[in-house]
A.B. asks: 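I have a structure here, written as structure tokens, and I will follow up with some questions on it.
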2 protein chains.
Amino acid sequence: MTTPASTTRRGRPPKGAAQLTRAGIVEATLEVIGTEGVGGVGVRAVARVLGVDPKSLYNHVDGKDGLLDAVTEHFLGSIALPPPAGDLRGDLRAIADAFRDRALLHPEAAALVLTRQLASFEGLAPIQRVLEVLRAADCDPREAVHLMRTLLAALIGTLLREVNAGPTYGTDDTEGIAERQATLEHSGLPAVAEAAPYLARFDSRAEYEYAMNLALDAAVARIENSSRISR
Amino acid sequence: MTTPASTTRRGRPPKGAAQLTRAGIVEATLEVIGTEGVGGVGVRAVARVLGVDPKSLYNHVDGKDGLLDAVTEHFLGSIALPPPAGDLRGDLRAIADAFRDRALLHPEAAALVLTRQLASFEGLAPIQRVLEVLRAADCDPREAVHLMRTLLAALIGTLLREVNAGPTYGTDDTEGIAERQATLEHSGLPAVAEAAPYLARFDSRAEYEYAMNLALDAAVARIENSSRISR
DNA sequence: ACCTGAACACCGTTCAAGT
DNA sequence: ACCTGAACACCGTTCAAGT
């Protein structure tokens with residue numbers, strides 16, 4: 001009974017002597033997400049990687065939903081926001097890049113976080129940053145909120161596809177590309193068939209570049225327009 | 001035994017004499033989503049609303065995942081795409097509107113569909129439409145694919161927030177707005193505090209308008225630029 | 001072609017009792 | 001303040017047997 005290693009577990013041995021902490025629980029949850037996917041997260045699964053009784057988790061986290069809340073919180077808090085440099089476009093871009101960096105670090109978790117409402121309190125720091133940058137460019141607060149929401153939506157939509165596409169949909173999977181291209185060419189949809197070579201490929205980095213450039217172009221243009229009018 | 005109504009069920013009585021069909025299963029799944037949310041979907045739950053043995057579903061659908069696949073398929077197939085009228089901006093907008101209409105009809109289901117990869121075969125029709133419209137405006141296929149992906153990402157990001165925000169976050173909930181505004185004002189983040197009145201409010205329709213106008217402005221500008229260059 | 005007992009290996013969560 | 005037996009009400013899924 002002194003050795004608790006008899007329960008069915010694969011992977012690493014019970015965590016370093018087992019003092020249960022919220023941070024440790026988050027880490028364990030991320031491990032589950034990484035191996036079993038978001039769908040595999042659960043009180044029992046997380047307890048298993050911690051080598052601990054499932055019910056013990058209830059002393060630190062509010063059940064299964066609390067587990068998900070905790071990783072969302074952690075994700076949002078871990079975004080490394082760069083200080084604004086005074087250049088509208090560059091500053092917005094840097095915030096988006098910081099967001100993306102974290103999303104790519106934990107792709108499975110990112111999809112979850114992006115979907116859960118970002119209004120959680122931990123999510124306020126990025127919002128403060130974006131508004132700050134927009135205000136510095138003479139955008140009035142009302143428009144700034146609209147713009148921020150629109151930029152965030154574009155970013156999330158882009159990242160969501162990026163993390164969902166995963167490595168399967170990469171550029172180097174030549175036989176997969178060929179197969180998809182063939183399917184699209186025989187779809188009976190002319191515009192789809194015509195664009196098949198491009199539709200069959202997906203370069204995450206390039207798509208991100210394109211999408212962000214378009215979104216930032218639009219944002220910058222709108223701000224320059226409205227401040228010219230008000231002068 | 002001739003009357004099967006003895007099992008624990010709330011809501012409506014067993015479906016009209018119970019011939020199990022894929023369409024009926026989809027309908028029942030949508031009902032579950034509507035009442036219990038996406039998380040409530042499961043073989044047993046859907047069987048319950050159909051007044052049927054859970055295992056029977058396996059003859060028509062591939063388990064729980066099959067249930068979700070089926071509603072995704074249904075959702076995508078139910079989008080009422082309007083025929084292109086020849087106006088780039090208007091045509092793109094009409095496609096986005098058709099998408100939104102379906103999303104708002106089943107908000108809970110929409111979040112699911114938007115998250116699952118849209119590359120499923122049923123999703124090809126909207127893609128064909130968008131590419132067709134872009135091609136008609138002299139956009140070369142390579143750029144058309146990029147633009148389509150970017151527009152789709154923006155649309156999904158926008159709809160995702162819209163369906164997640166739900167009615168709770170509406171314009172008419174005056175005391176809720178006041179409370180959120182107060183919280184934001186005391187957040188200690190200056191730009192957030194300054195924009196609090198706008199951040200506390202969320203008018204779905206207006207946000208959608210703003211986001212789509214910005215995205216379409218950007219798309220139209222880019223196409224006009226590149227075709228001017230190639231002339 | 002479809003339905004369904006029996007059965008298996010799982011879930012999340014509560015509560016009262018322990019230390 | 002934290003842990004944990006016992007227990008409850010659930011899950012998804014397989015398979016072999018029925019019609």
A.B. asks: So which nucleotide does D:dA1 pair with, by the Watson-Crick or G-U wobble rule with both distances under 3.5 Å?
C.D. replies: C:dT19
A.B. asks: With the side chain of A:Val43 defined as its heavy atoms from C-beta on, choose the nearest nucleotide among D:dA6, C:dG12, C:dT4.
C.D. replies: C:dG12
A.B. asks: Would you mind telling me which of D:dT4, D:dG12, C:dC3 lies closest to the side-chain atoms of B:Lys64?
C.D. replies: D:dG12
A.B. asks: Are A:Arg149 and B:Tyr210 in a cation-pi contact, defined as NZ or CZ under 6.0 Å from the six-membered ring centre and within 45° of the axis?
C.D. replies: no
A.B. asks: Give the rounded distance in Å between these two atoms: NZ of A:Lys55 and P of D:dC2.
C.D. replies: 17 Å
A.B. asks: Quick check on C:dT14: is either OP1 or OP2 less than 4.0 Å from any side-chain nitrogen or oxygen of A:Tyr58?
C.D. replies: no
A.B. asks: Answer with yes or no whether the side chains of A:Asp97 and A:Tyr208 bring together a donor and an acceptor at under 3.5 Å.
C.D. replies: yes
A.B. asks: Separation of A:Leu20 atom CG from D:dA1 atom P, in whole Å?
C.D. replies: 16 Å
A.B. asks: Can you tell me the distance, in whole Å, between the CG atom of A:Leu67 and the P atom of C:dG12?
C.D. replies: 9 Å
A.B. asks: May I ask you to check whether over 12 heavy atoms, not counting those of B:Asp101, lie within 6.0 Å of atom CG?
C.D. replies: yes
A.B. asks: Identify whether any heavy atom of B:Asn59 sits under 4.0 Å from a base atom; if not, whether one sits that close to sugar-phosphate; answer base, sugar-phosphate or nothing.
C.D. replies: base
A.B. asks: To the nearest Å, how far apart are B:His60 NE2 and C:dT4 C1'?
C.D. replies: 14 Å
A.B. asks: Tell me which nucleotide among C:dC15, D:dC3, C:dG12 gets nearest to the side chain of A:Arg44.
C.D. replies: C:dG12
A.B. asks: Rounding to an integer number of Å, can you tell me how far B:Asp65 CG sits from D:dC11 C1'?
C.D. replies: 15 Å
A.B. asks: Is there a Watson-Crick or G-U wobble partner for C:dT14 with both distances under 3.5 Å, and if so, which one is it?
C.D. replies: D:dA6
A.B. asks: Taking atom P of D:dC2 as reference, at what distance in whole Å does atom CG of A:Leu50 sit?
C.D. replies: 16 Å
A.B. asks: Both B:Asp62 and A:Asp53 contact DNA chain D. Which one's nearest nucleotide lies toward the 5' end?
C.D. replies: A:Asp53
A.B. asks: If you only use heavy atoms from C-beta on, which nucleotide in C:dC3, D:dT13, C:dT14 is closest to the side chain of B:Ser56?
C.D. replies: C:dC3
A.B. asks: With A:Arg102 as the cation and A:Phe75 as the aromatic partner, state whether NZ or CZ is under 6.0 Å from the six-membered ring centre and within 45° of the axis.
C.D. replies: no
A.B. asks: C:dA9 and D:dA9: how far apart are their P atoms, nearest whole angstrom?
C.D. replies: 22 Å
A.B. asks: Step by step, work out the side chain to side chain contact (heavy atoms under 4.5 Å, CB included) result for A:Leu184 and B:Leu124.
C.D. replies: CA-CA 9 Å; A:Leu184 293 168; B:Leu124 279 182; 4.0 Å; yes
